[in-house]
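As structure tokens, the structure follows; a few thoughts come after it.
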Amino acid sequence: MNTLNNYWLRRVLSSLLVIAVVLSLNFFLFRLMPGDPTGSLLDPRFSPEAKQELLKSYGLDKPLSQQFFMYVKQMLTFRFGISFMSQRPVWQELAERLPNTLLLLFPALLLSAVLGTLLGVAAAKGRGRLTEKAVLLSGAISFSFPSFFVQLVLLLLLAHAFPIFPLRGSLSVPPPTGFWNLVVDRAWHMALPIASLVLLGFGSWALYVRNLMVKVLGEDFILLARAKGLRENEVLWGHAFRTALPPIVTIFFLSLPGVISGAVITETVFSLHGIGKFLLDSVLGHDYPAAGAAFYLMSLVTVICNLLADVVYTFVDPRISFRRLR
Amino acid sequence: MSFWRLDTLFLAFLSLLALLTPLLGPVNEAVAPPFCKPLWLDHESGKPLSLNAKDNSLSFTWESKPPKTFSVKGTVTFEDVPKSASLLLAGPSKTYKLVDLAGYRNFDVDIDSRDVLLKLFLGLSPFVDVSSVIFSERGTYSLFIASDVKAHLDLNLNIYTGKWGIFGTDQRGRDVFRLTLAGIRISLLVGIFATLIASTLGMGLGLFAGYLGGLADSSIMRGVDVLLAIPTLPILVVISGVWGRGLWQIVFVLSIFSWMGTARVVRSLTLSLREAPYVEGLRALGAPTGYILARHFIPEAMPLLLAQMALGVPGAILAEAGLSFLGLSDPLMPSWGRMLHEAQVFGAFTGGAWWLIFPPGLGIASICLAFISVGRRFEEMADPRLREMAER
Amino acid sequence: MTEEVASVESLTLTFDKIDAPALADVSFCLNEGESLALVGESGSGKTSLLRLLLGLLRPTRGKVRLFGQPLDDVDGEELRRIRRKCSYIPQDPFGGLPPTLSPLQAVVEPLIVTRPNLKYEGTNKAKELLSDLGIEEALWNRKLVQGFSGGQRQRIMLARALITDPKLLLADEPTSMQDVSTRMDLINLLKVYLKNGMSMIFVTHDLLLAKAMTLRGIVLYRGRMCETGPTHLLLRDPLHPYTKALVSALPKLGKPIEVKVKRRPLPVGFKGCPYLALCPYGFDRCKDLPPMKQLSDARSVACFMGDTSQGT
Amino acid sequence: MMRISSLSATYPNGFNAVKKADLKLSSGEILALVGESGSGKSTLIYASLGLLPKGSSVSGKVFFDDIEFFALPKEGQRKIRWKKVSLVLQGTMSSFTPVLTIKRQFLEAMEEHLSLTPGEAMAKAVELLEEVGLEGNFLARYPHEMSGGQKQRCAIAMALCCDPDYLLADEPTTALDVITQAEIMNLLKGIAKRRNMGILMVTHDLALASSTADEICVMYQGCTIETERSDIIIKSPKQPHTIALVRSLSMMEE
Amino acid sequence: APLDELRRPSIDELYFLIIRDNDAQLLALEGGQIDLLGDIARFSDIKRLSDDERVKLFLAEGYHAFFLGLNLRRSPWDRAELRQSLWEAVNRRQIVRDVFGGYALPLFSFLPPASPYTLVASTSDFNMKAARERLRQKGWRWSKRGVLICPGEDKPLPKMKLLTPTAQVAPTTAEIAERICESMRSLGIPIETEPMDFSMMVARLDRRDFDAYVIAWELSRDPDSLYAFYHSSMDVPGGYNISGIRKPDLDEALESLKYAANEAEARLAAEKVQTLLYEYIPQVPIYSRYHIAALQNEWQCAIASLYMTPDNTYSLLSLRHENKKAFYWCLAEEPRNLNPLSASSAYEWQVLSVIYESLLAVDPFTLEDVPWLAESWRLDTVSEGGKEKTRITFKIREGVKWQDGSPFGASNVKATIEFLKKSAIPRYFDSVKDVERVEAADNTLTITFSGKSYWYLHQIGGLPMLSAGVLSSLKDWRRLPEEDIIGTGPFSFSKYKPGEYVKLDKNELYWRK
Ligand SMILES: Nc1ncnc2c1ncn2[C@@H]1O[C@H](COP(=O)(O)OP(=O)(O)OP(=O)(O)O)[C@@H](O)[C@H]1O
Ligand SMILES: Nc1ncnc2c1ncn2[C@@H]1O[C@H](COP(=O)(O)OP(=O)(O)OP(=O)(O)O)[C@@H](O)[C@H]1O
Ligand SMILES: [Mg+2]
Ligand SMILES: [Mg+2]
């Protein structure tokens, strides 16, 4: 018990270290990047004095060390300051975008994981049969197309040629009144982006789960489970899938932070107001406070996800021990 | 089970093409007007014409549907400064004044049916297609000068049907077919190398972390955490700013930022595998760690790894497309990802220019499919459980 | 002078979640050329003892020495060097073999690991061993995942252990799934090795087999040693009530087994003789832990019974 | 009565492990199946419950009472398993799902086949565990936290949990010490008599077989060559292979 | 004039729908989700829309100008003849046709074609032969590989880079950069593109660390860009004289342009400057894009001219629809910052310009000044303390109300100007820095400037008017609460749903009836 506690203690401490490293990396990387925030405000009528004025008003004329301390303080107190570009509190910017991104990515990730898993299990179950071939093929196809290709085609087809879904955004303009109408409207708007992400994403899950399952299904304990007269579903899910679960869970948690930054293209194509595009814009625009905060949050999410992956792993795999082998 | 199946043959064929593509010569040069359709697309439009008017006029017949564009280029020299002079194009029933030459002794003519100024000069809306107006009829057309002084002209009339080659041309007038061929090499190189490096790294570090445990584990995994947690985007921007955007930089960047997932997955596999009795038996034998990892863990992890690799190659090819999307790839390097991206940016999707989209799009997809299929066969070779009907 | 091959001293092992120790206060010493039988109740810590001996587990308390080296101090290459002199046969033939290898590969493997230069001869030797152990040639190249019977697997594991000519063999019920005649073959084979100076710790439930294979035996009960001595004596003249029960429970051809066990409830956290629960005798003194008593050179027993005979 | 008639089993690789085997197991009796290693005993058991790997071919008939097993639809076969016949696998060490607790693995079988409340099921599981000499708290353990013998006993307890009419046990006591083994054998015998359960037990221990089983069946290279009352077969084995078996055992005893 | 007939808008609700993706914009227009789409750049879109019955397309010359910039501080660009040859070596027409399908103007001037001050070049068009010939005559040679060798040197020109934004940010610019490089190479200049992140490129330019670059500007009606681009005082780090041209005669001409006392003087000076520029060619003009906008056909009475497509405030005042009262206008970027004091992007101003108004406006047909919040004005040059100063007197329109109901008057203008000057707000820094004094009496406003320049009129006349009440309660000019977005314009701010839309409502208090 003691060793376990120790392990988690060290694990949390080292996560903090990771955050610290990432924080400083973030800061210096941005300043390392050639260019400055006034670049995006270029206007021929600005005189050099006006430009200097601009830098000063952003506090960018101070020495780097001083800027660094300010930055660390901001990050640690979660008061991210004012965005250069929008002149609004960065918090506000993040807060208004986060729900959109989460509403897009969580269902998409979850659905593609669930769909992929279902298909993967079905393929493993129908080993050598048509189901397996179909799953393998569809999985491979799902994986093989560039995302904007698929998304644009979907948009053209289902929002333009056959206008079943809306073309853009996460809400009708003007938005409907009444809570339930809003919910329905939101769902209707998110359906196509989510569906496209699921289409693009389920393949890798299916292929992966199928491999794991095929292996597990060859083990002796599956034989016993069958001999126990358990329902085929129980054998498949309760035993085989349950045993294959640990790596699946790890992948799930690990893919969480990755998809956030990968959302840029989806957000652009479907005109969604989300974090992905915000990240890209603030980096390109040298919006230090905004980019810094966004990346800080992303790092936090990543670190937490990693930690969660480890925690959940120990839960789902009782065999695990972190002792050092000799 | 034979190794030479359709997928392998396909990949071998592609690799051969990739080796041969340098023979194509420069692919980045314009060969025809932009956005030409493939030649085989519609048979109704006539043949392109290229005529030279040496004397006063030029006659030709146009017997098919209107061409895509036409242009008149060259010089007109008058023996004296004309008071009234114009270049005319006469159709079967109507004559169009293309340009007013009055007041110039030498005139460089450069007219294109796309020019807005020409449309306005003809009294048309700037949004009509001049060539479809002028060539709306079939019959004899003539190009001539009407002036009060004698003129010498050296004019070239070119009529383009907007068709070229097997896959048409892109926005710069490059031959899409040749670009597609050249793209194979880049896509294959990037895909294969980036994945190889990333999976080797991920595999090695994941194995060591998982198997050794303790300090090795935590330090490697913290490294992974840092890499996972640093936003890749600014790093990509910085790297491309500092080192440039060549092929190998892309490979490097892609591999450096994609091995962590593999490492973690391999590590968790290792963690559960290392408790297996037979591994314990091997340790009891005093087997070197390297041996255990190489002989048992790698084969155990291989299916997983090959699956990841099979998915990784397509992933890298697609990521390269993504990097092109962010402008972080060499514009002179015609990869498929880049072609797709350019097509998208220049409106090929809404413009219905599917001949620009499908060659690279289906190319990527077919390469990816082939890789996945080959990867699966490798998996089966490495692990009999995936191959045989071992299931009860 | 015979050299000490392995020794343990007041070895104790407790697992994280479980109160009762898996091993408590076990000490013994094994000399070169000697073979030792470990018998005992199921769950009494035999497997754990073997794993401790190899340093695969770390003891909660106590010392393990292999070839004179205390295992606590060594690590890495040093540890592996020591381990290479040993062979270990895990108890589970179904999990104990690498699934993706063929029998031939699996048998050659230890040689590759310990003495890579012998690879070529290794294959021949492996073939020899496999055919000695009665694995047909047709099976040599089939992958293990593809189905082998339990007995076949056990024999492959044995071949795997023997191919390196170990100085010390730690065998965990290596013949439990063999039929009688194959078992005889295995015993004969092992005896050849023993004659050539191999030491062995042999975990078994088959007392007859223990007698046939080893000169000395240790009887374990609930993680504690209750009796040690020459195996033939243990079988002929058991002293500890548990050993007695074991011997009497031996199935004999044609005779029905008669075991009458009456369990006596013991209070939670009972610190005395662990066998009290089953002991047909049972004294008040047994509420204390009986110490290991040296009776003669080779024999000791942990029971107060000897004392009672002296009139308490 | 369970009856296997001319059962043949061929593995996907073409190996014919069981050849026209015949077997009869009466309720309330114990039948020991002996034979050299690799003779197809385990295969016979798997085959009779339709548990061979996909791609294997099985011919012949298996009757449980009057039910012909292979004639049943999948669902029917499933219902018979464990409820009517249960199984102890040979490799009990790796026959537990590694990530589930023993409790879960116990309960699911009972949930599937018996209509017990969870409380009753737990009580039954504890009772069975105690009968095989394990404490009730073993239910909370994971398979890897138990010794080989403990797992084996667990497997036996689990096989008994649905009160099956037939028990097919593949070397159920190999990892047990003789006392526990004797206890278990007594237990099984008792249950066989009391509940009129038929037990087919694969073993290598002729002595054990002769002392517990009513009948002994000898298998050789996939065929059942001899079936006889146990006392008779020990005294006067007929088939040469049986003779050799008995002889080697007596040799051991010396 | 049509401007006089403008009334209160018939549109009740004005939505700016935020759609960033080009394809999505097009589809939204076709699907009827937006009524007006401005700034259509891809000719495939134009072609597609021109076939569409439901929309009407408009085309206007704009203030867009695209230049190939050179670093005159470095060899070989310090040679005028090379730059002159470059002028002829770039085939602008071909670029315009291929990249824009004809929907752009080849640019032969240093001011945007729509600017009233533009002097059209007499310099010749694409002529590679002439370009080479000029160089040969000046002593240039070509190496065996066809690379140029400077007169007096024996080594061919070194490899150079042309800075360009990435294809991601500016696909057409990147494309054109490739083509320009090709032209330059065929002249014998060894150059390749170096695409980079836009702000990184600006930093390189600011540091003067470049050989050549391409850049697009959105210029203005006034020729003030000339001074910023070509005067030697602007050749400081971060200044806009990026090419680094320093010519005394040019400086002199530019100064007389900047400090011209009236329009006539300005016109003359501008002509002089451009003549000089045609000789020096500090940068090579390439093209100017037409503004192209699409409007749903059902909307009538759009105000559009040769200079303006209907995406302007005048149109919004006059647009009529049979039964619709809500108008949807596409916004191609997020208007991150709806604060007239710090907003900088064109997209932000797309919204703000219908909320805020200024003293003067520009006639869309003639590009002349027209009275707006000021009814009339007068520009004088006065002598004060021995210095020539400009004094502008505005007569402020009466009856104008702020959107919150309070009256607008000269004192509000004074407050605005003084606030801008006091706060040194970068965007308005240059416009108000010369203001010496502002006096407001009744509806007359007198502003005295420390210098003499005709352009003060436009600088002051273009300032957005801010309510004195809002200004007095403002703590930090960078942060303007949403409820303080109050102007005098035809529409008032109602709601901003980030990422989705900005909604404006008709201003019932608008001063037009
Ligand atoms: N999946 C399989 N595929 C092919 N052959 C197999 C498979 N499983 C077992 N065999 C072979 O079938 C034969 C019979 O195996 P089985 O397991 O029935 O033997 P057994 O009588 O139970 O032996 P033991 O006493 O050693 O367990 C063996 O020769 C074995 O190699
Ligand atoms: N990983 C573990 N976690 C907790 N308890 C364990 C673990 N491994 C073994 N034990 C317990 O330790 C005790 C000794 O186990 P061990 O495997 O050494 O027994 P054994 O003597 O080999 O028994 P058998 O003859 O049944 O194999 C048992 O009571 C077992 O339950
Ligand atoms: Mg054991
Ligand atoms: Mg068997």
Side-chain angles (χ1 to χ4, degrees), chain A residues 1 3-4 121-133 210 212-250 311-323 325, chain D residues 12 42 45-46 48-55 72 74-102 104-114 140-145 151 154-155 158-159 161-162 164 167-168 170:
Chain A
M1 218 59 215
T3 54
L4 215 64
V121 171
K125 181 182 167 192
R127 193 81 219 277
R129 276 195 251 122
L130 202 65
T131 15
E132 189 188 28
K133 294 209 174 77
R210 174 252 176 199
L212 284 174
M213 286 293 286
V214 163
K215 272 216 258 174
V216 174
L217 281 175
E219 304 271 347
D220 271 353
F221 56 81
I222 297 300
L223 178 66
L224 188 77
R226 291 237 164 85
K228 275 193 199 163
L230 298 182
R231 278 163 221 279
E232 192 54 24
N233 274 338
E234 181 62 27
V235 175
L236 219 52
W237 294 102
H239 289 258
F241 182 69
R242 178 64 188 73
T243 309
L245 191 60
I248 297 180
V249 166
T250 319
V311 172
V312 176
Y313 199 98
T314 43
F315 270 108
V316 292
D317 194 343
R319 287 166 298 180
I320 224 70
S321 78
F322 296 99
R323 73 199 157 95
L325 293 189
Chain D
S42 307
I45 289 183
Y46 296 146
S48 63
L49 276 176
L51 291 172
L52 285 181
K54 271 188 195 160
L72 290 176
K74 274 233 152 72
E75 192 58 18
Q77 292 187 352
R78 186 176 73 68
K79 290 225 163 95
I80 283 196
R81 292 182 187 152
W82 225 254
K83 178 78 209 42
K84 204 162 186 65
V85 309
S86 65
L87 202 58
V88 178
L89 292 190
Q90 187 174 19
T92 36
M93 322 251 155
S94 35
S95 67
F96 287 94
T97 306
V99 293
L100 301 179
T101 54
I102 299 300
R104 177 80 202 310
Q105 307 196 32
F106 251 99
L107 292 194
E108 65 183 4
M110 291 199 255
E111 269 166 24
E112 185 62 48
H113 298 291
L114 309 174
R141 293 203 189 185
Y142 285 100
H144 71 279
E145 293 169 343
K151 272 190 240 181
C154 246
M158 201 146 80
C161 73
C162 292
L167 172 68
L168 314 183
D170 196 350

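Convention: sequence-line order gives letters A, B, ...; per-chain numbering from 1. On a predicted model such as this, the values are computed, not experimentally measured, just so you know. The basis for the numbers below is simple: all heavy atoms, side chains too, and nothing from hydrogens, waters or symmetry mates.
For D:E75, the part lying under 4.5 angstrom from a heavy atom of chain A is the side chain only. Neither the backbone nor the side chain of A:V216 comes within less than 4.5 Å of any heavy atom of chain D. In this structure, the portion of D:F96 lying under 4.5 Å from any heavy atom of chain A is its backbone and not its side chain. Within the 4.5 angstrom heavy-atom criterion, no atom of D:L49 approaches chain A.
Of the charged side-chain nitrogens involved, at least one lies within less than 4.0 Å of a carboxylate oxygen, so that A:E234 and D:R104 count as a salt-bridged pair.
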Exercise for review: Please lay out, stage by stage, how A:K228 and D:E108 fare under the test salt bridge (charged side-chain N to carboxylate O under 4.0 Å, His left out).
Suggested key: CA-CA 9 Å; A:K228 275 193 199 163; D:E108 65 183 4; 3.0 Å; yes
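Under the salt bridge (charged side-chain N to carboxylate O under 4.0 Å, His left out) criterion, A:E132 pairs with A:R127, A:R210, sequence neighbours left out. By the salt bridge (charged side-chain N to carboxylate O under 4.0 Å, His left out) test, D:K84 pairs with D:D65, D:D165, sequence neighbours left out.
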